[in-house]
Amino acid sequence: QVQVAESGGGLVQPGGSLRLSCVASGGAFGFNGMAWYRQPTGKGRELVAEITSGGTITYADSVKGRFTISRDKAKNTVALQMNSLKPEDTAVYYCAAASWGGVAGKPRLTDYNYWGQGTQVTVSS
């Protein structure tokens, strides 16, 4: 029943900004965390940012100071504000939601089992 959907991707010039949005529906008890992952073409998927049910936020080193993750727990929505975008930020961005399989406030990687279809972000001149 859980569905995750991302939106907001597109083409932007280096130095520009984009805001990605995600809605995770069907979670009667919410989620232990929500996160953004990205996968550049031909490369593996990597964690970009995470916000847990307790409000703890983690960013990949490559995006610290540029990206901001926020969440509306009541609505199970999460956003990723991306500023100062670089060509290396180009990737398909995925939203993921974590079930309550582990410690509250500390979702495990394996708890992120609800995924969106992805939205393409391209940073290019």
Side-chain angles (χ1 to χ4, degrees):
Q1 290 281 32
V2 175
Q3 289 186 284
V4 180
E6 314 96 333
S7 62
L11 175 65
V12 64
Q13 293 187 334
S17 298
L18 282 174
R19 183 178 177 88
L20 305 183
S21 297
C22 173
V23 179
S25 61
F29 302 100
F31 301 94
N32 200 17
M34 295 188 72
W36 290 95
Y37 286 76
R38 67 185 181 188
Q39 185 169 20
T41 301
K43 299 182 179 181
R45 190 172 300 184
E46 64 177 349
L47 177 68
V48 177
E50 176 193 51
I51 183 166
T52 73
S53 59
T56 300
I57 295 174
T58 301
Y59 294 103
D61 288 342
S62 59
V63 307
K64 286 181 179 177
R66 300 188 297 119
F67 291 11
T68 302
I69 188 171
S70 60
R71 180 184 181 184
D72 184 333
K73 294 179 66 175
K75 297 181 178 180
N76 288 321
T77 60
V78 66
L80 184 68
Q81 179 66 45
M82 305 185 294
N83 299 325
S84 302
L85 284 162
K86 304 175 181 179
E88 50 264 45
D89 294 318
T90 296
V92 177
Y93 283 70
Y94 297 90
C95 180
S99 60
W100 295 89
V103 178
K106 294 187 176 183
R108 302 163 297 186
L109 176 63
T110 53
D111 292 328
Y112 283 98
N113 47 16
Y114 306 116
W115 294 83
Q117 295 298 307
T119 185
Q120 177 70 45
V121 172
T122 302
V123 184
S124 176
S125 298

query: So, for Trp36 and Phe67, is the gap between ring centers shorter than 6.0 Å?
result: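 Ring-ring flag for Trp36/Phe67: false, centres at least 6.0 Å apart.
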Over all atoms of both residues, closest heavy-atom pair of [X] and [Y]:
X	Y	answer
Gln13	Ser125	NE2-O, 4.4 Å
Met34	Ala24	CE-CB, 3.7 Å
Pro107	Ala98	CB-CB, 3.7 Å
Leu47	Ala60	O-CB, 3.3 Å
Ala91	Tyr93	O-CD1, 3.3 Å
Leu18	Leu85	N-CD1, 3.8 Å

Residue pair [X] / [Y], side-chain heavy-atom distance below 4.5 Å:
X	Y	result
Glu6	Tyr94	yes
Asn76	Arg71	yes
Thr122	Gln120	yes
Pro14	Pro87	yes
Cys95	Trp115	no
Ser17	Gln81	yes
Ser99	Tyr114	yes
Glu50	Tyr59	no

Do any N or O atoms from the side chain of [X] and from the backbone of [Y] form a donor-acceptor pair under 3.5 angstrom?
X	Y	answer
Thr119	Gly9	yes
Arg45	Gln39	no
Trp100	Phe29	yes

Measuring from atom [atom1] of [X] to atom [atom2] of [Y], what distance do you get when rounded to the nearest 0.5 angstrom?
X	Y	atom1	atom2	answer
Lys75	Thr77	NZ	OG1	7.0 Å
Ile69	Ile57	CD1	CD1	7.0 Å
Ser21	Asp72	OG	CG	11.5 Å
Asp111	Thr52	CG	OG1	12.0 Å

- prompt: Is there a donor in the side chain of Asn32 and an acceptor in the side chain of Ser53, or the other way round, less than 3.5 Å apart?
  reply: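 Looking only at side-chain atoms, Ser53 and Asn32 do form a donor-acceptor pair, the distance falling under 3.5 Å.
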Check: Ser62/Arg38 side-chain N/O donor and acceptor closer than 3.5 Å: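 Yes, Arg38 and Ser62 have a side-chain donor paired with an acceptor closer than 3.5 Å.
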task: Report the C-alpha separation of Ser7 and Arg19 in whole Å, then their side-chain angles, then the decisive distance to 0.1 Å, and conclude whether the side chain to side chain contact (heavy atoms under 4.5 Å, CB included) test is met.
output: CA-CA 9 Å; Ser7 62; Arg19 183 178 177 88; over 6 Å; no
Shared hydrophobic cluster, [X] / [Y] (ILVMFWY, side-chain heavy atoms < 4.5 Å):
X	Y	value
Val123	Leu80	yes
Val23	Phe31	no
Val121	Val78	yes
Met82	Val92	no

field: Basic-acidic side-chain contact under 4.0 Å: Lys86, Asp89
entry: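 Asp89 and Lys86: not salt-bridged.
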field: CD/Glu46: more than 12 non-hydrogen atoms of other groups inside 6.0 Å
entry: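 Atom CD in Glu46 is packed in, count exceeds 12.
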